Amino acid sequence: MKLIGTYVSPYARRVAAALVSRAIAYEHDDLNGYANAARARELNPVGKVPILELDDGERLFDSAAIIDYLDELVGPEHALMPRSGSARRHVLRLSAVANTICELVTVRYLEQQRPAGCSQPQLLERCRLQIVGGFKALDAASGCSDAIRLDSLNIATISAIVAFEYTPRWYPGFDPAEAAPSLAKVVSALHDDAAFARTRPLA
């Protein structure tokens with residue numbers, strides 16, 4: 001199979017980290033949908049990454065759909081999410097919070113790139129407050145007895161770490177560790193884990 005999408009994208013990176021964590025071999029096509037929008041649209045009607053191309057040529061879009069497919073592939077014992085119940089909803093909720101943090105960081109970055117005097121201070125502040133709130137929610141679920149922990153590379157843990165590392169890249173001056181010290185310990189402990197070391201953007 002082939003994963004299409006730059007690791008700079010937190011959504012492509014979380015799929016890559018999931019693949020590595022489950023020892024699923026894949027080829028990587030480092031497509032940046034912003035830099036090569038035409039090719040991205042050829043592969044996905046809405047021009048977004050990640051795209052997972054299966055060996056038979058079928059293409060899966062959206063990281064959540066791809067993660068669902070990976071769970072089907074690896075089976076319940078190695079799944080990235082619990083099969084049902086409150087545990088599943090908890091992991092999905094945390095994963096959604098992490099993904100939303102990445103969306104907000106991107107929105108804030110793009111807003112700051114507008115010409116001088118054109119950015120909206122209230123939007124920047126709203127994004128900041130939402131990002132802080134998101135990290136506090138992830139922090140509350142970080143530790144040995146909750147979903148985000150060292151011994152459980154589920155999709156909540158993967159997504160939280162990806163969001164933690166993505167944020168300062170596009171939001172200079174914001175330190176996720178201040179809002180999420182417990183999560184910071186998980187991130188630090190797993191820094192050299194293959195799932196993250198092999199998928200970390202080089203630049």
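All of these numbers come straight from a predicted model, not from anything done at the bench.
At a threshold of 4.5 Å between side-chain heavy atoms, the hydrophobic network of Ile, Leu, Val, Met, Phe, Trp and Tyr places Ile101 and Val107 in two separate groups. In the hydrophobic clustering of this structure, Leu129 does not group with Phe174; members are Ile, Leu, Val, Met, Phe, Trp, Tyr whose side-chain heavy atoms approach within less than 4.5 Å, directly or through other members. Follow the hydrophobic side-chain contacts under 4.5 Å out from Val15 and you never reach Tyr34; the two are in separate clusters. A continuous path of hydrophobic side-chain contacts links Val105 to Leu110 [ILVMFWY only; heavy atoms under 4.5 Å].
Here the straight-line distance linking atom OG of Ser95 with atom NE2 of His90 works out to 12.0 Å at 0.5 Å rounding. A distance of 9.5 Å separates CG in Leu19 from CZ in Arg198, rounded to the nearest 0.5 Å. Distance check, rounded to the nearest 0.5 Å: CD of Glu27 to NZ of Lys2 gives 4.5 Å. Once rounded to the nearest 0.5 Å, the distance linking OG1 of Thr6 with CG of Asn36 reads 12.0 Å.
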Query raised in the report: Could you walk me through whether Leu153 and Leu190 pass the side chain to side chain contact (heavy atoms under 4.5 Å, CB included) check?
Result: CA-CA 10 Å; Leu153 277 190; Leu190 291 172; 3.9 Å; yes

Query raised in the report: Does the pair Ser21 and Leu80 meet the rule for a side chain to side chain contact (heavy atoms under 4.5 Å, CB included), with working shown?
Result: CA-CA 9 Å; Ser21 75; Leu80 291 144; 4.2 Å; yes

Query - Chi angles and distances behind the side chain to side chain contact (heavy atoms under 4.5 Å, CB included) call for Asn32, Arg39 - result: CA-CA 9 Å; Asn32 185 319; Arg39 180 163 180 261; over 6 Å; no

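Residue Ile4 belongs to a hydrophobic cluster whose other members are Leu31, Leu43, Val49, Ile51, Phe61, with links defined by side-chain heavy atoms closer than 4.5 Å.
Considering only residues two or more places apart in sequence or on other chains, Tyr7 meets the ring pair (Phe, Tyr, Trp, His ring centres under 6.0 Å) condition with His28. Contacts of Ala37 classified as side chain to side chain contact (heavy atoms under 4.5 Å, CB included), with partners at least two apart in sequence or in another chain: Arg41. The salt bridge (charged side-chain N to carboxylate O under 4.0 Å, His left out) test applied to Asp151 returns Arg149, not counting sequence neighbours. Taking Tyr26 as the reference, nothing meets the ring pair (Phe, Tyr, Trp, His ring centres under 6.0 Å) condition, with sequence neighbours excluded. For Tyr11, there are no ring pair (Phe, Tyr, Trp, His ring centres under 6.0 Å) partners at least two apart in sequence or on another chain. For Glu103, the salt bridge (charged side-chain N to carboxylate O under 4.0 Å, His left out) criterion is met by no residue, not counting sequence neighbours. Every residue meeting the side chain to side chain contact (heavy atoms under 4.5 Å, CB included) condition with Tyr109, not counting sequence neighbours, appears here in chain and number order: Gln113, Trp170. Checked against salt bridge (charged side-chain N to carboxylate O under 4.0 Å, His left out), Arg200 has the following partners two or more places apart in sequence or in another chain: Glu165.
Under the 4.5 Å side-chain criterion, counting only non-hydrogen atoms from C-beta, Tyr166 is not in contact with Tyr171. Counting heavy atoms from C-beta outward, Val186 and Leu150 have side chains that approach closer than 4.5 Å. Within the 4.5 Å cutoff, the side chain of Leu92 has heavy atoms near those of the Met81 side chain. Contact annotation: the side chain of Thr167 approaches that of Phe135 to within less than 4.5 Å [non-hydrogen atoms, C-beta and beyond]. Side-chain atoms of Met1 and Leu52, non-hydrogen and from C-beta on, do get closer than 4.5 Å to each other. Here the side chains of Ile131 and Lys136 are not in contact, with every heavy-atom distance at 4.5 Å or above. For the pair Pro50/Ile66, a side-chain contact is recorded, criterion being any heavy-atom separation below 4.5 Å from C-beta on. Contact of the Leu94 side chain with the Asn154 side chain is not registered, since no non-hydrogen atoms from C-beta on lie closer than 4.5 Å.
In this structure, a donor-acceptor pair under 3.5 Å is absent between the side chains of His78 and Asp71.
Counting all heavy atoms, side chain and backbone alike, Leu138 lies closest to Ser142 at O-OG, 2.7 Å. Taking all atoms of both residues into account, the shortest heavy-atom contact from Leu183 to Ile148 is CD1-CG2, 3.9 Å. Considering all non-hydrogen atoms of both residues, Pro176 and Pro168 come closest at CG-CD, 3.9 Å. What you find for Asp146 and Ala140 is that their closest heavy atoms are OD2-O, 3.9 Å. Of all non-hydrogen atoms in Ile158 and Ala18, the two that sit nearest each other are CD1-CA, 3.8 Å. In terms of heavy-atom proximity, Asp139 sits nearest to Pro181 at OD1-N, 3.2 Å.
Residues in residues 176-192 take part in no side-chain hydrogen bond (donor to acceptor under 3.5 Å, both in side chains) pair, two or more places apart or across chains. Within the structure, every pair that satisfies the side-chain hydrogen bond (donor to acceptor under 3.5 Å, both in side chains) test and touches residues 61-70, not counting sequence neighbours, is listed here: Arg14-Ser63. Applying the side-chain hydrogen bond (donor to acceptor under 3.5 Å, both in side chains) test to residues at least two apart or on different chains, the pairs with a partner in residues 120-133 are Glu125-Arg128.
The number of heavy-atom neighbours closer than 6.0 Å to CZ of Arg114, taken from other residues, nucleotides and ligands shown, is above 12.
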